[in-house]
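Okay, so here's the structure we're looking at.
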Amino acid sequence: MSEATVEKLNQRETININSFIDLEKIFENYPYNEYEFKRPANGVITLYRDGLTKFFICDEVWQNTTKVKTYINHTKTPGISIICVGTVKELQTLPSEMQSENIQQICLPVSEDSLSTSIRCIHNFQKLVDHAETEKRLIEKASQEVKYVLSISRELNGERNIKKLLNLILFKAREITNADAGSIYTTEIPGKNVKEGKLHFRFTQNDSIKQNLNEFELQISDQSIVGSAVIHNTTINIPDLYKLNEDSTMNPFGARHDRSWDRRLGYESHSMLTIPMFDISHSVVGVIQLINRKIDPHKKLKEPADFTDNIAEFSQTDIEYAEIVAQQAGIALENANMHEEIQKLFDGFVNASVTAIEQRDPTTSGHSHRVAALTIGLADIVSRTSTGGI
């Protein structure tokens with residue numbers, strides 16, 4: 001360090017800041033050039049750095065009831081700190097609403113070194129508060145998302161109609177990941193060899209276009225992404241189908257994308273997330289396939305620009321939440337299937353019992369079925385009647 005520099009630093013140590021005007025002059029020079037310095041209004045200075053803003057306001061501003069309201073409101077904004085500047089006597093008249101833990105004070109006169117230390121402490125305090133607020137928001141967001149996932153679990157396990165359940169599963173998986181579209185499949189695997197099984201396409205949903213696709217079957221194989229998810233018992237996340245290599249062997253799981261389907265629909269499938277659904281014994285009972293994770297969940301994908309500006313790949317958080325939904329969905333689907341089987345067994349038992357009873361007397365054979373049909377018909381007519389006593 002040169003003698004001139006040492007002399008300059010020694011001189012700086014003796015400098016006292018006696019007024020707000022002195023403060024302005026100091027902020028325009030070293031060591032505050034690391035901050036972005038502005039004068040937004042008379043008697044107001046701002047220093048900006050690391051996304052944090054410090055408002056220095058003089059006594060003429062904070063003593064003005066009208067002007068000071070603006071800065072009181074600023075204290076509610078994350079990343080903003082208010083510093084009232086004045087002499088000891090002036091600060092003794094600081095309004096009560098400006099005397100809070102969110103508002104700092106700098107007492108004049110002050111040496112430049114003391115000022116530098118105070119600003120550094122204020123800045124570090126701002127960073128800690130900002131970090132704490134960020135963590136608080138993340139915790140609150142995570143808490144809300146966990147509550148939402150639990151509510152999804154209750155909804156799924158409360159539905160016994162398989163068609164309604166499958167539609168609900170797909171809707172909830174899309175909702176929690178902001179997916180624009182998606183499809184859901186169920187599996188039929190007769191033995192231990194998965195590749196001998198079949199995938200049943202059940203439903204599709206799309207927020208941006210209308211699709212009327214009939215159910216169909218396809219063999220479980222590595223030739224499809226859905227089949228690969230079943231065979232390998234794993235989630236497959238493809239950031240952009242349009243960026244896959246033309247040679248499918250170069251892509252993860254041999255993935256390929258037939259764009260002719262997109263051209264027919266006037267739609268583009270970019271990001272894709274395929275999640276298997278497992279039952280309680282960890283066997284695959286279905287697959288959820290989600291398409292186009294939207295940045296703005298409320299925007300429809302209509303124009304070519306929408307498919308580049310409003311689509312992102314599915315994040316790790318999306319994958320985790322989708323897998324939780326899929327796990328709950330697999331168990332709910334297993335329960336619904338069991339409920340349906342029990343209902344069929346019960347109906348079969350009742351029909352067998354009626355048949356056995358009626359065979360004892362050929363004269364009254366068919367009586368129970370006729371009574372049942374008449375009762376249902378009568379109930380239907382009564383439910384459609386809008387007049388008469390109750």
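Quick caveat: nothing in here was measured; it's all calculated off a predicted structure.
In the hydrophobic clustering, Leu52 connects to no other residue, as no ILVMFWY side-chain heavy atoms lie under 4.5 Å from its own. Other members of a hydrophobic cluster containing Val371 are absent, since no ILVMFWY side chain comes under 4.5 Å of it, directly or through relayed contacts. Applying the 4.5 Å side-chain rule to ILVMFWY residues, one finds that Ile139 remains a lone member of its cluster. Through direct or indirect side-chain contacts shorter than 4.5 Å among Ile, Leu, Val, Met, Phe, Trp and Tyr, Phe125 is connected to Val129.
In this structure, Pro276 and Asn233 have side chains that are not in contact, with every pair of non-hydrogen atoms separated by 4.5 Å or more. Proximity of Val287 to Ile275: side-chain heavy atoms (C-beta onward) are nowhere separated by under 4.5 Å. Under the 4.5 Å side-chain criterion, counting only non-hydrogen atoms from C-beta, Tyr71 is in contact with Ile57. Side-chain contact between Cys107 and Leu91: present, with at least one pair of heavy atoms (C-beta onward) separated by less than 4.5 Å. The closest side-chain heavy-atom distance from Gln105 to Leu94 is below 4.5 Å.
With sequence neighbours left out, Asp258 forms a side-chain contact (heavy atoms from CB on, under 4.5 Å) with Ser260. Checked against side-chain contact (heavy atoms from CB on, under 4.5 Å), Thr204 has the following partners two or more places apart in sequence or in another chain: Ser183, Phe201, Gln211, Leu213. Looking at residues two or more places apart in sequence or on another chain, you find no ring pair (Phe, Tyr, Trp, His ring centres under 6.0 Å) involving Tyr321. Residues passing the side-chain contact (heavy atoms from CB on, under 4.5 Å) test with Pro95, sequence neighbours excluded: Trp62, Glu97, Met98.
Ring pair Tyr242/His257 is tilted by interplanar angle, where 30° to 60° counts as tilted. The aromatic rings of Phe55 and His74 lie parallel to each other, with less than 30° between the two planes, well short of the 60° mark.
Salt bridge Glu135/Arg137: absent, no basic N to carboxylate O contact under 4.0 Å.
Between Tyr48 and Tyr35, a ring centre-to-centre spacing not shorter than 6.0 Å is recorded.
The two residues Asp130 and Gly79 make their nearest non-hydrogen contact at OD1-N, 4.3 Å.
The stretch residues 181-190 participates, sequence neighbours left out, in no salt bridge (Lys or Arg N to Asp or Glu O under 4.0 Å) pair at all. The list of salt bridge (Lys or Arg N to Asp or Glu O under 4.0 Å) pairs with a residue in residues 46-71, not counting sequence neighbours, reads Glu34-Arg49. Judged as a salt bridge (Lys or Arg N to Asp or Glu O under 4.0 Å), the pairs with a partner in residues 214-232 (not counting sequence neighbours) are, in order, Lys195-Asp222, Lys198-Glu217, Arg202-Glu215. Counting only residues at least two apart or on different chains, the salt bridge (Lys or Arg N to Asp or Glu O under 4.0 Å) pairs with a member in residues 310-336 are Arg293-Asp318.
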Run the salt bridge (Lys or Arg N to Asp or Glu O under 4.0 Å) check on Glu28 and Arg39 step by step: do they pass?
CA-CA 11 Å; Glu28 289 180 304; Arg39 294 187 185 89; 3.0 Å; yes
Would you sort out whether Lys300 and Asp180 count as a salt bridge (Lys or Arg N to Asp or Glu O under 4.0 Å), showing the intermediate values?
CA-CA 8 Å; Lys300 305 289 185 181; Asp180 185 56; over 6 Å; no
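In the model, Gln104 has no side-chain atom that pairs as donor or acceptor with a side-chain atom of Ser81 under 3.5 Å. Asn237 and Gln316 are not linked by any side-chain donor-acceptor pair at a separation below 3.5 angstrom, with hydrogens and angles left out of the test.
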